[in-house]
Amino acid sequence: MAFALLFVFACKGEKDPPPASEKPAGEGDTAAGPAKKKSNIVKIQMAVPYGKQVACADVFTVENFSKYVGDTIGEIKDKSSSNKEASVSCSFLRGGEAPKTDQQLKKFEKENMKLGVLPGDEYCMVTAYCSMSNDDPEQFQEACKARGDSSNEQLGVFACVHMSQRGVENAYTYKVVDPETKCMLEVMGGPSVTDEALVQKCTTAALEEMAPNKLTNFK
């Protein structure tokens with residue numbers, strides 16, 4: 001009898017495991033369903049989807065570029081079809097009628113020797129890359145220095161300036177990241193342009209015109 005009583009008391013001292021519905025909070029499935037694992041992948045929204053492009057006419061205007069260049073931009077040629085990696089690529093041509101005689105050509109060469117741009121010639125080419133992540137300014141600046149390029153911060157943003165030899169003078173290419181759209185802008189002087197100030201003015205004009213609402217009509 002004493003052995004039986006001891007066995008009963010020993011059994012009552014052991015707690016039965018709680019049913020599945022009474023598991024402590026945070027263990028296993030919840031009432032709403034299985035616990036969801038958090039993804040470590042961060043999705044970045046690009047201004048323009050990869051493989052898509054927008055028209056130059058949707059983004060840039062001859063009036064704005066004429067204002068900054070200080071001369072008439074007669075035409076904007078869309079060059080996007082020749083650069084599939086770009087979101088938009090545009091050539092800005094000087095207004096006026098191209099010289100047709102040697103006498104006219106000599107006159108233009110004499111008056112425009114510094115810029116070397118005749119009517120109908122290209123002042124600058126603006127190419128925007130909006131289908132990549134350009135939101136790390138430190139990485140952008142480090143890459144610029146690693147290439148041996150110089151910097152220019154007169155535009156209000158960091159500009160990476162590449163200089164190359166063109167005949168007896170130098171040609172310039174500006175690269176900047178537009179703060180609003182995060183697009184990388186590459187601005188090159190035309191084939192006859194050796195004036196860095198002109199390339200800088202084209203860059204300023206391009207930065208002013210870039211806006212998210214202009215990058216919505218994809219093609």
Side-chain angles (χ1 to χ4, degrees), residues 47-48 53-83 85-96 98 108 111-130 132 134 137 140-141 144 147 149-167 169-215:
V48 177
Q53 294 182 318
V54 294
C56 292
D58 290 342
V59 185
F60 303 119
T61 62
V62 295
E63 292 81 9
N64 189 62
F65 273 77
S66 297
K67 178 182 72 174
Y68 279 100
V69 170
D71 196 0
T72 302
I73 298 296
E75 182 184 1
I76 302 177
K77 280 192 174 181
D78 200 316
K79 299 283 189 176
S80 301
S81 60
S82 62
N83 188 345
E85 297 295 321
S87 301
V88 60
S89 186
C90 315
S91 173
F92 296 82
L93 308 182
R94 184 181 183 185
F108 278 118
E111 293 178 355
N112 300 283
M113 191 175 296
K114 183 179 180 182
L115 296 180
V117 180
L118 301 177
D121 286 350
E122 183 180 88
Y123 262 134
C124 57
M125 169 83 78
V126 178
T127 303
Y129 298 91
C130 306
M132 59 183 71
N134 298 306
F140 175 54
Q141 294 180 28
C144 178
R147 290 192 299 267
D149 293 334
S150 60
S151 62
N152 186 323
E153 298 189 36
Q154 297 178 10
L155 306 177
V157 296
F158 179 88
C160 183
V161 184
H162 177 73
M163 184 177 67
S164 57
Q165 193 75 28
R166 182 171 292 174
E169 298 187 68
N170 296 317
Y172 301 88
T173 299
Y174 272 54
K175 286 186 179 181
V176 298
V177 176
D178 175 57
E180 192 173 9
T181 63
K182 303 302 180 184
C183 295
M184 170 81 74
L185 300 180
E186 182 181 69
V187 184
M188 303 174 63
S192 299
V193 174
T194 55
D195 190 326
E196 182 182 358
L198 178 56
V199 181
Q200 184 173 320
K201 290 173 182 177
C202 284
T203 307
T204 302
L207 284 169
E208 183 172 292
E209 296 228 78
M210 291 296 294
N213 64 336
K214 294 183 176 183
L215 304 174

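In this text, all values refer to a predicted model and were calculated from it rather than measured experimentally.
Exactly one residue among Asn83, Val48, Val54 makes a side chain to side chain contact (heavy atoms under 4.5 Å, CB included) with Val88. That residue is Val54. Paired with Tyr174 under the rule side chain to side chain contact (heavy atoms under 4.5 Å, CB included), one option of Asn152, Val126, Asp149 passes, and it is Asn152.
Between Met125 and Ser89 the shortest side-chain heavy-atom distance falls below 4.5 Å. Between Asn170 and Thr194, the closest side-chain pair of non-hydrogen atoms is not below 4.5 Å. Side-chain atoms of Cys202 and Tyr68, non-hydrogen and from C-beta on, never get closer than 4.5 Å to each other. Side-chain contact between Ser66 and Asp71 is absent, with no heavy-atom pair separated by less than 4.5 Å. Leu155 places a side-chain heavy atom less than 4.5 Å from the side chain of Val176.
Distance OH/Tyr129 to NZ/Lys175: 7.5 Å, rounded to 0.5 Å. From His162, atom NE2 reaches atom CZ of Arg147 across 9.0 Å, with rounding to the nearest 0.5 Å. Atom SG of Cys90 is separated from atom NZ of Lys79 by 11.0 Å, given to the nearest 0.5 angstrom. Atom CG of Leu207 sits about 8.5 Å away from atom OG1 of Thr181, to the nearest 0.5 Å. Between atom CG of residue Leu93 and atom CD1 of residue Ile76 there is a gap of 9.0 Å, rounded to the nearest 0.5 Å. Note that CG of Asp58 is 12.5 Å distant from CD of Gln53, once rounded to the nearest 0.5 Å.
When every heavy atom of Val161 is checked against every heavy atom of Ser151, the shortest pair comes out as CG2-C, 4.5 Å. A pairwise comparison of heavy atoms in Pro119 and Gly95 identifies CB-O, 3.5 Å as the closest pair. Arg166 and Gly190 make their closest contact through NH1-O, 2.6 Å (heavy atoms, listed as atom of the first residue, atom of the second, distance). Thr127 and Ala86 get closest at one heavy-atom pair: CG2-CB, 3.5 Å. Of all heavy-atom pairs spanning Val187 and Cys124, the tightest one is CG1-CB, 4.4 Å. The shortest heavy-atom contact between Cys130 and Leu215 is SG-CD1, 4.2 Å.
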### Message
The test is side-chain contact (heavy atoms from CB on, under 4.5 Å); show your working for Glu209 and Thr61 and say whether it passes.
### Response
CA-CA 8 Å; Glu209 296 228 78; Thr61 62; 3.2 Å; yes

### Task
Given ring-ring contact (aromatic ring centres under 6.0 Å, His included), test Tyr123 with Phe65 step by step and report yes or no.
CA-CA 10 Å; Tyr123 262 134; Phe65 273 77; over 10 Å; no

### CA sep, side-chain torsions, deciding dist, call: Met210, Phe60, side-chain contact (heavy atoms from CB on, under 4.5 Å)
CA-CA 8 Å; Met210 291 296 294; Phe60 303 119; 3.9 Å; yes

### Task
Kindly indicate, with the supporting measurements, whether the criterion side-chain contact (heavy atoms from CB on, under 4.5 Å) is fulfilled by Thr72 and Arg94.
CA-CA 6 Å; Thr72 302; Arg94 184 181 183 185; over 6 Å; no

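Counting only N and O atoms by type, the side chains of Tyr172 and Gln200 include no donor and acceptor under 3.5 Å apart. With no hydrogens or angles considered, a side-chain donor-acceptor pair links Glu122 and Ser91 at under 3.5 Å.
A donor-acceptor pair under 3.5 Å is formed between the side chain of Gln165 and the backbone N or O of Gly167.
Residue Met188 qualifies as open at atom CE: its count of foreign heavy atoms under 6.0 Å is 12 or below.
A salt bridge is absent between Glu196 and Lys201: the closest approach of a Lys/Arg side-chain nitrogen to an acidic carboxylate oxygen does not fall below 4.0 angstrom.
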